[in-house]
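Notes follow the structure.
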Amino acid sequence: MQEFNWIKQYFAPLSRGEAGGLGLTDDVALITPPAGQQLVITTDTLHEGVHFLANTDPAMIARKALRVNLSDLAAKGVAPHAYLLALSLGAACDEHWIRQFTTGLAEDQALFGCHLIGGDTTRSLGPLSITITMMGFSPPNQLLLRSGATAGDVIYVSGTIGDAAIGLHQLQHTPLPTSLDRIGLEYAISRYHLPQPRVALGQALVGIATASMDVSDGLIQDLEHVCTYSGVGAEVHLSRILTLCTSPTDALRTTLVTAGDDYELLFTAPPAQASALASLSLHTGVAITPIGTITATAGVNLYDSNGDKLLLEKKGYQHV
Ligand code: ADP
Ligand code: MG
């Protein structure tokens, strides 16, 4: 493998002169948080065959790997700063692949404002796997945590839910009964390949939201996490949850709200924040939909379009 040439030629330029990256020439990277701020760190791994299909455009894989991490920081209301990249390359990853992969990284670094400060490059005996560790800064006590929801808060979700599931089913030749046309299906596929981390919205939610997380493993399962860590419960109305489909059946809605890969924001806010959120939606261009209410009693209760309580067999995606 051309490990050192690749680092010099393809990875080092992505540090874009960030001093702490030491030009990707040393054993470590350095980070100095601005005075009074904390370092906020998150990491996510993507595996071929689990998070993206084999033979996906390398630039697209790179961008998805960055974006799932950006989504975690966005959910905490934190702007991205720098990241580490650990690559376990599959047998088919040659120089051409690396060139395309780093082109994708460059594109999204410019879009979202962050740079590469280090990493590791190894050859895997199995499939390709990519781990990114993303960092940002935040003043203490400003982080949007999962644990801040209180009874009476309204539950909101950004964007549309289940798009990536529709796209993935289409790619796997097991289409969902969505009645979407070609254009709608292409859009859903793009949502699977390329999540849209809500970076601007997340930062704007600081001071408004009481709790927040990004939806990656199924909306209902993720809402359960917010409730568990906040010590509260939730009432959610299935028909309030925005999807790409015009008039989905309750069965289809249920599939969409328990599927993974949305990378939308799920957050709670007091009812008095409704108008602030409406103008935030306007300014960020991202839909914000109220889907239910936080309750004092534990447990997430989901109601169908007749107002009957739904019992779900599966609430989301579990990796292990
Ligand atoms: P080590 O000998 O500790 O394994 P490496 O030779 O792997 O160090 O790394 C040399 C330099 O290149 C380090 O600064 C490291 O951070 C950087 N580097 C290696 N692989 C990557 C990568 N995939 N992305 C970014 N930086 C990398
Ligand atoms: Mg190394």
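Counting starts at 1 for both ligands and their atoms, following the listed order.
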All pairs passing side-chain hydrogen bond (donor to acceptor under 3.5 Å, both in side chains) where residues 17-33 contributes a residue, at least two apart |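 Residue pairs with at least one partner in residues 17-33: Glu18-His81, Glu18-His115.
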
Which segment of Leu116 sits under 4.0 Å of ligand 1 when only heavy atoms are counted |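 It is the side chain that touches ligand 1; the backbone stays farther off.
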
Tell me which part of Leu24 gets within contact of ligand 1: side chain, backbone, both or neither, using heavy atoms under 4.0 Å.
->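 For Leu24, backbone and side-chain atoms both sit under 4.0 Å from ligand 1.
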
Just jot down the side-chain hydrogen bond (donor to acceptor under 3.5 Å, both in side chains) partners of Ser216, sequence neighbours excluded, or say none.
->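 So Ser216 forms no side-chain hydrogen bond (donor to acceptor under 3.5 Å, both in side chains) with any residue.
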
Any non-hydrogen atom of Trp6 lying under 4.0 Å from ligand 1?
->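 In this structure, Trp6 fails to qualify as a contact of ligand 1 - no heavy atom is under 4.0 Å.
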
Can you name the nearest heavy-atom pair linking Pro80 to Cys114, along with the distance?
->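 In terms of heavy atoms, the two residues are closest at CB-CB, 4.1 Å.
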
Side chains of Glu235 and Thr293: donor-acceptor distance under 3.5 Å anywhere?
->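 The answer is no; no qualifying pair exists.
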
Do Gly119 and ligand 1 have an N or O pair less than 3.5 Å apart?
->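 So ligand 1 has an N or O lying under 3.5 Å from an N or O of Gly119.
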
Number the atoms of ligand 1 from 1 as they appear, then name those within less than 4.0 Å of a heavy atom of [X], with their elements.
X: Phe4; result: 6 (O)
X: Asp26; result: 11 (C), 13 (C), 14 (O)
X: Thr121; result: 19 (C), 20 (N), 21 (C), 22 (C), 23 (N)
X: Glu3; result: 6 (O), 7 (O)
X: Leu85; result: 22 (C), 23 (N), 24 (N)

Of Leu277, Val154, Asp214, which meets side-chain contact (heavy atoms from CB on, under 4.5 Å) against Phe267?
->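 In the set Leu277, Val154, Asp214, the residue that makes a side-chain contact (heavy atoms from CB on, under 4.5 Å) with Phe267 is Leu277.
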
Among Asp108, Thr103, Asp57, find the one that has a side chain to side chain donor-acceptor pair (under 3.5 Å) with Arg63.
->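 Only one of Asp108, Thr103, Asp57 forms a side chain to side chain donor-acceptor pair (under 3.5 Å) with Arg63, namely Asp108.
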
Lys64/Asp261 ion pair, N-O < 4.0 Å |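 Yes.
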
